[in-house]
Number of protein chains: 2
Amino acid sequence: MTYRDVPTETMDRLFLYMRALTCLRREKSETVSSSRLAEICNVNAPKVRKDLSYFGEFGVRGVGYNVNELLDHIRRILKLDRSVNVALIGAGNIGRALITHSSFQLEGFNISMAFDIDREKIGTRVGSITVEDMMDFPDRVEEEGIDLAILAVPEEVAPEIARIIADTNIISILSFAPCELCMPENVKVTCVDLSMEMARLLYNSRQTVTRKKKERKP
Amino acid sequence: MTYRDVPTETMDRLFLYMRALTCLRREKSETVSSSRLAEICNVNAPKVRKDLSYFGEFGVRGVGYNVNELLDHIRRILKLDRSVNVALIGAGNIGRALITHSSFQLEGFNISMAFDIDREKIGTRVGSITVEDMMDFPDRVEEEGIDLAILAVPEEVAPEIARIIADTNIISILSFAPCELCMPENVKVTCVDLSMEMARLLYNSRQTVTRKKKERKP
DNA sequence: CTTAAATTGTGAATGTGAACACAATCACAT
DNA sequence: ATGTGATTGTGTTCACATTCACAATTTAAG
């Protein structure tokens with residue numbers, strides 16, 4: 001099932017709603033109103049309602065939305081109702097942080113394998129995972145059914161690694177290398193660039209007073 | 001100087017252009033055409049030209065844009081022509097990764113101080129920085145003129161730390177805690193949630209074939 | 001000097017998303 | 001039962017952003 005006439009922006013916000021609902025569930029909230037949900041996500045209430053209404057009538061008038069129910073609906077819409085297998089490439093500082101920190105292991109994403117090209121690191125353990133040889137990556141990925149790769153290697157080796165990934169059937173890469181990766185067209189790469197986030201953040205803080213307040217993109 | 005009638009979206013894309021230009025400069029490119037810049041940023045060429053034209057005429061017809069010159073212009077527009085002082089709070093795995101990894105120390109952002117509440121960590125060195133006591137944070141921040149704080153502490157202590165920050169005049173926080181922080185209205189918080197990034201990425205990869213290609217938001 | 005190729009800058013048209021007001025619905029108290 | 005307060009769902013209007021086509025300008029070659 002694909003949702004053809006749903007605005008791209010709405011689709012985007014669904015991920016925000018998902019995160020907020022996950023928080024609310026953790027806090028044992030039973031129901032949530034559109035205005036509360038909007039508040040958490042930094043949007044406005046009518047937008048929340050309109051967004052949700054594209055997919056059905058999930059709320060109860062006069063009451064609000066059932067947190068668990070709505071979360072399930074959204075997860076199904078976003079095709080996140082099955083858990084996702086993630087492979088980490090690069091067992092350096094970032095890699096270790098990602099595996100160790102529980103907050104990244106959120107809801108259905110589990111980093112189940114780690115790879116490196118460094119002989120020193122291969123065979124060592126990070127958390128409960130043993131670092132494997134990057135040479136074995138293509139075979140192992142197919143065996144284990146990996147959906148997504150996290151690229152946490154130094155910029156210099158990123159292109160080399162990229163070539164290895166390109167030969168597998170992985171089509172989703174989350175990269176920490178601050179550069180363009182050369183990839184086949186069907187492979188989607190998201191580049192995590194914290195300095196860009198900081199720049200945006202800083203700019204917006206500085207504008208708060210002078211500029212008409214406007215909601216920020218997620 | 002504020003830019004009143006510039007679309008929000010244009011403002012947002014400026015950060016993308018900045019990153020791309022930084023890359024290009026590193027690769028010693030002298031000039032760049034709108035189409036090449038568009039390619040790197042995953043947008044289209046007319047959009048790049050229109051965006052830039054809101055701020056002046058930076059290009060040369062028949063030739064393109066001078067990389068250095070354009071980068072300077074954009075940095076000035078985004079008020080990033082002076083370097084930004086960043087304080088890290090939390091000297092755990094993430095914190096260490098941020099300091100160690102050179103790619104985060106990008107262009108004008110320097111993490112110059114680190115704080116923690118853990119007695120064990122205070123006084124230790126991370127890279128070239130000595131971890132200080134969080135109790136001293138308010139004073140030290142004022143002394144050193146910190147523009148932005150990175151919050152890389154476990155979720156449990158995040159609210160406590162948030163209160164300390166709230167009493168300083170820091171108005172920009174980049175948080176790795178996957179939860180809402182209670183902050184005064186004028187303080188902007190950007191929450192880095194990698195699992196949400198992963199979810200978006202995965203959804204978009206899966207849609208590539210069935211859905212009409214559409215540019216992704218930055 | 002003239003022509004061709006490349007590339008920017010931009011006004012007008014088009015498309016898309018946001019806002020808003022209000023009708024519809026529900027829970028609950030009396 | 002019935003009214004009241006709360007909250008959702010949505011059609012319409014409006015504002016904003018994107019696209020497109022083309023004029024303007026530059027470089028380079030003949």
Side-chain angles (χ1 to χ4, degrees), chain A residues 3-17 20-21 24 29-67 69-70 73-74 77 211-218, chain B residues 3-17 20-21 24 29-67 69-70 73-74 77 211-218:
Chain A
Y3 304 93
R4 195 162 297 272
D5 288 335
V6 178
T8 323
E9 308 287 320
T10 295
M11 257 349 206
D12 251 33
R13 281 190 296 268
L14 241 40
F15 292 92
L16 281 182
Y17 303 153
L21 288 166
L24 287 167
S29 301
E30 286 268 324
T31 62
V32 64
S33 67
S34 59
S35 51
R36 174 70 185 127
L37 195 51
E39 192 191 355
I40 300 176
C41 299
N42 272 306
V43 297
N44 59 39
K47 211 185 280 187
V48 171
R49 296 200 297 273
K50 181 126 225 178
D51 283 345
L52 296 177
S53 76
Y54 284 109
F55 306 98
E57 305 200 357
F58 303 135
V60 178
R61 292 165 196 231
V63 180
Y65 301 90
N66 178 295
V67 171
E69 219 172 275
L70 184 56
H73 275 300
I74 292 182
I77 293 166
R211 232 187 165 191
K212 194 183 66 184
K213 248 192 293 183
K214 247 200 135 169
E215 288 159 19
R216 282 280 306 117
K217 283 277 146 51
Chain B
Y3 302 95
R4 196 163 297 274
D5 289 333
V6 179
T8 323
E9 310 287 320
T10 294
M11 261 337 204
D12 250 34
R13 279 190 296 268
L14 242 39
F15 292 92
L16 281 181
Y17 303 153
L21 288 165
L24 287 166
S29 301
E30 287 268 325
T31 62
V32 63
S33 67
S34 58
S35 50
R36 174 69 186 127
L37 195 50
E39 190 190 357
I40 300 175
C41 299
N42 271 306
V43 297
N44 58 40
K47 209 184 283 188
V48 170
R49 295 200 298 273
K50 181 128 230 177
D51 283 345
L52 296 177
S53 76
Y54 283 107
F55 305 96
E57 306 199 356
F58 303 134
V60 178
R61 294 166 196 230
V63 180
Y65 301 89
N66 178 296
V67 171
E69 221 173 273
L70 184 56
H73 275 299
I74 292 183
I77 293 166
R211 231 184 166 195
K212 194 183 68 183
K213 249 191 291 183
K214 245 195 139 172
E215 288 159 18
R216 283 279 305 115
K217 280 280 143 49

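Since the model is a prediction, treat every value here as computed from it, not as a measurement. Worth knowing before you read on, the calculation uses all heavy atoms, side chains too, and leaves out hydrogens, waters and symmetry mates. Chain A is the first sequence line, chain B the second, and so forth, proteins listed ahead of strands; every chain is numbered from 1.
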Exercise for review: Look at A:T8 and C:dG17 and indicate whether a side-chain polar atom (N or O) is within less than 4.0 Å of OP1 or OP2.
Suggested key: yes
Per-nucleotide protein contact along nucleotides 6-15 of chain D, 5' to 3', at a 4.0 Å heavy-atom cut-off (B base, S sugar-phosphate only, - neither), is BBBBBBB---
Rounded to whole Å, CZ of B:R36 lies from P of C:dT7 at a distance of 13 Å
In whole angstroms, the gap separating P of C:dG17 from CG of B:D12 amounts to 16 Å
Is there side-chain contact between B:Y17 and B:L70, with heavy atoms separated by less than 4.5 Å?
no
Rounded to whole Å, CD of B:E69 lies from P of C:dT8 at a distance of 14 Å
In whole angstroms, the gap separating C1' of C:dG15 from CD of B:E9 amounts to 14 Å
From CG of A:D5 across to P of C:dG17 the rounded distance in Å is 10 Å
Any side-chain heavy atom of A:I74 sitting closer than 4.5 Å to one from A:F55? no
task: Decide yes or no for A:I40 and A:L16: does some side-chain heavy atom of the first lie under 4.5 Å from some side-chain heavy atom of the second?
output: no
When rounded to whole Å, the CG to P distance for the pair B:N66 and D:dT26 reads 16 Å
- Message: If you define the side chain from C-beta out and look only at heavy atoms, does anything of A:Y65 sit under 4.5 Å from A:R49?
- Response: yes
_Whether A:N44 contacts C:dA19 is assessed here as follows: a side-chain N or O lying under 4.0 Å from the phosphate OP1 or OP2. Is that the case?_
yes
Check: Quick one: does A:M11's side chain get under 4.5 Å of A:I77's, heavy atoms only?
Finding: yes
Here the distance between atom P of C:dT7 and atom CD of B:E39, to the nearest Å, is 13 Å
Separation of C:dT16 atom P from A:Y54 atom OH, nearest Å, is 12 Å
B:F58 meets the ring pair (Phe, Tyr, Trp, His ring centres under 6.0 Å) criterion, sequence neighbours left out, with B:H73
